[in-house]
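Worksheet: the structure to be examined is printed underneath.
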Amino acid sequence: MKFTLHIWRQENARAKGHFETYPLEGISPECSFLEMLDILNEQLISDHIAHPVCFDNDCREGICGMCGLYINGRPHGNDDGITTCQLHMRKFKDGDDIWIEPWRAKPFPVIRDLVVDRSAFDKIIQAGGYISTTTGGVPDANTIPIPKHKADMAMDAASCIGCGACVAACKNASAMLFVGAKVSHLTLLPQGQIEAADRVHKMVCKMDELGFGSCTNTYACEAECPKLIKRQNISRLNRHWIGALLGRDRK
Amino acid sequence: MMNLDSKIPAGPLAEKWTNYKASQKLVNPANKRKLDIIVVGTGLAGASAAASLGAMGFNVDIFCIQDSPRRAKTVDHFHKALGKIMWEYCGMARNTESLTKAKQLVSELENEFWKSVFIPGTANEMNPELEKAYRLEDYFELAQLVIDDAMHREESCGGHFRTEHQTQDGETLRDDDRFMYVAAWEYQGHGQPETMEKEPLVYEHIQIAKRNYK
Ligand code: SF4
Ligand code: FES
């Protein structure tokens with residue numbers, strides 16, 4: 001297959017970026033999107049055309065959340081429930097123009113080309129996305145009874161991979177879906193309830209402090225989330241947040 | 001006093017070259033096209049000689065080798081080549097011959113890597129190619145150690161199938177008398193062979209058995 005790629009090039013966080021156009025031929029439809037970029041880079045380097053295009057990736061199987069790219073105006077490309085690394089070139093038409101951009105959100109500054117700094121998410125997790133407990137041996141399964149539907153909801157929320165597509169998709173660069181997923185997955189389980197109010201307070205404050213925007217209920221996040229995290233996690237976050245503000249057991 | 005004379009032909013600028021070609025003394029202009037000139041050469045010198053003689057009216061045959069622009073060898077190129085060597089010669093079934101070959105190929109490839117790998121950019125910027133090269137440097141060392149270890153273990157055990165050591169119907173043949181240990185290799189500096197420490201496998205509660213994969 002043959003494509004015309006328009007790729008965002010930006011040398012570093014302070015430099016001015018621009019689109020650069022690269023024609024690419026002979027791509028197999030079975031090729032993944034990242035493999036296609038590998039092939040482009042191999043050509044850019046070996047023919048001394050340009051510095052290779054920097055893009056983040058790690059697992060290449062949809063579990064690490066590193067590979068987010070804005071492809072033809074959609075985070076993770078034009079398909080639902082997948083990450084960029086799970087997108088295949090057969091999803092495009094031969095001869096297509098493909099526009100590739102980094103996440104664009106103030107709390108995610110560009111490091112180079114398509115790579116952004118997502119450590120703002122780590123800071124939110126560090127603020128409260130954990131359970132303080134003494135670890136010991138692994139307890140036997142089912143020693144703490146958890147209703148099946150709660151376990152399922154917690155599991156669904158826990159499948160958030162922290163990719164940042166929700167922030168990139170949101171016109172306000174809001175991180176509510178991400179924080180909602182993290183708060184839900186811990187708070188739905190009995191082990192996480194002890195610190196629930198404190199946790200939600202710390203995480204929401206950190207999120208605001210880092211410059212993420214407010215939620216205006218557009219749900220672009222839900223539409224673009226590769227892990228299909230549901231908007232109900234945002235409602236749950238709001239409920240817990242109001243509860244925490246009312247001063248229930250907050251230290 | 002020295003006079004600078006660049007022998008610029010007379011006449012108006014637009015006609016200088018034509019005049020010069022016609023009046024040049026060496027060969028009669030009418031005879032030039034009867035003379036075959038063969039230019040043998042490479043690169044720019046050959047090309048410019050051929051071009052100017054041709055423009056003067058000689059019948060020029062050229063035998064010039066113009067190099068195609070040189071393709072640089074990327075880190076990935078070496079990484080894939082290393083993987084291929086390990087897969088072919090230190091793969092699931094290996095023997096002394098294939099391992100000897102692997103060892104030689106890896107060391108040749110490593111030399112080639114140090115000589116001709118191309119890494120764009122510098123160390124003072126985000127540079128994934130440089131990161132990959134650092135990792136590949138380790139992989140070269142690791143590959144050689146894996147080969148050494150496989151060479152040393154003269155038995156077939158688990159994923160290490162030495163074709164010299166198999167039963168008549170192709171099952172693995174372990175040698176518990178000589179190899180009931182884990183080999184831990186200690187680094188001795190770059191290019192030095194690692195030294196081996198044996199960690200004996202002592203089973204107190206289980207019976208050592210042989211697995212049959214059929
Ligand atoms: S909620 Fe979805 S889009 Fe947002 S970080 Fe998690 S997985 Fe990515
Ligand atoms: S590279 Fe890990 S999710 Fe895409």
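All values reported here derive from a predicted model rather than from experimental measurement.
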Sort by residue number and list every member of residues 127-134 of chain B having a non-hydrogen atom under 4.5 Å from chain A.
B:Asn127, B:Pro128, B:Glu129
Give the interface residues of residues 88-120 of chain B toward chain A, defined by a heavy-atom separation under 4.5 Å.
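Within residues 88-120 of chain B, the residues under 4.5 Å from chain A are B:Phe118, B:Pro120.
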Roughly how far, to the nearest 0.5 Å, is the [atom2] atom of [Y] from the [atom1] atom of [X]?
X: B:Asn124; Y: A:Asn12; atom1: CG; atom2: CG; value: 12.0 Å
X: B:Asp76; Y: A:Ile39; atom1: CG; atom2: CD1; value: 11.0 Å
X: A:Arg112; Y: B:Glu125; atom1: CZ; atom2: CD; value: 4.5 Å
X: B:Met126; Y: A:His51; atom1: CE; atom2: NE2; value: 9.5 Å

Does [X] [atom1] have over 12 foreign heavy atoms under 6.0 Å away?
X: B:Asp138; atom1: CG; value: yes
X: B:Ile38; atom1: CD1; value: no
X: B:Gln188; atom1: CD; value: yes
X: B:Trp87; atom1: CH2; value: no
X: A:Asp140; atom1: CG; value: no
X: B:Lys16; atom1: NZ; value: yes

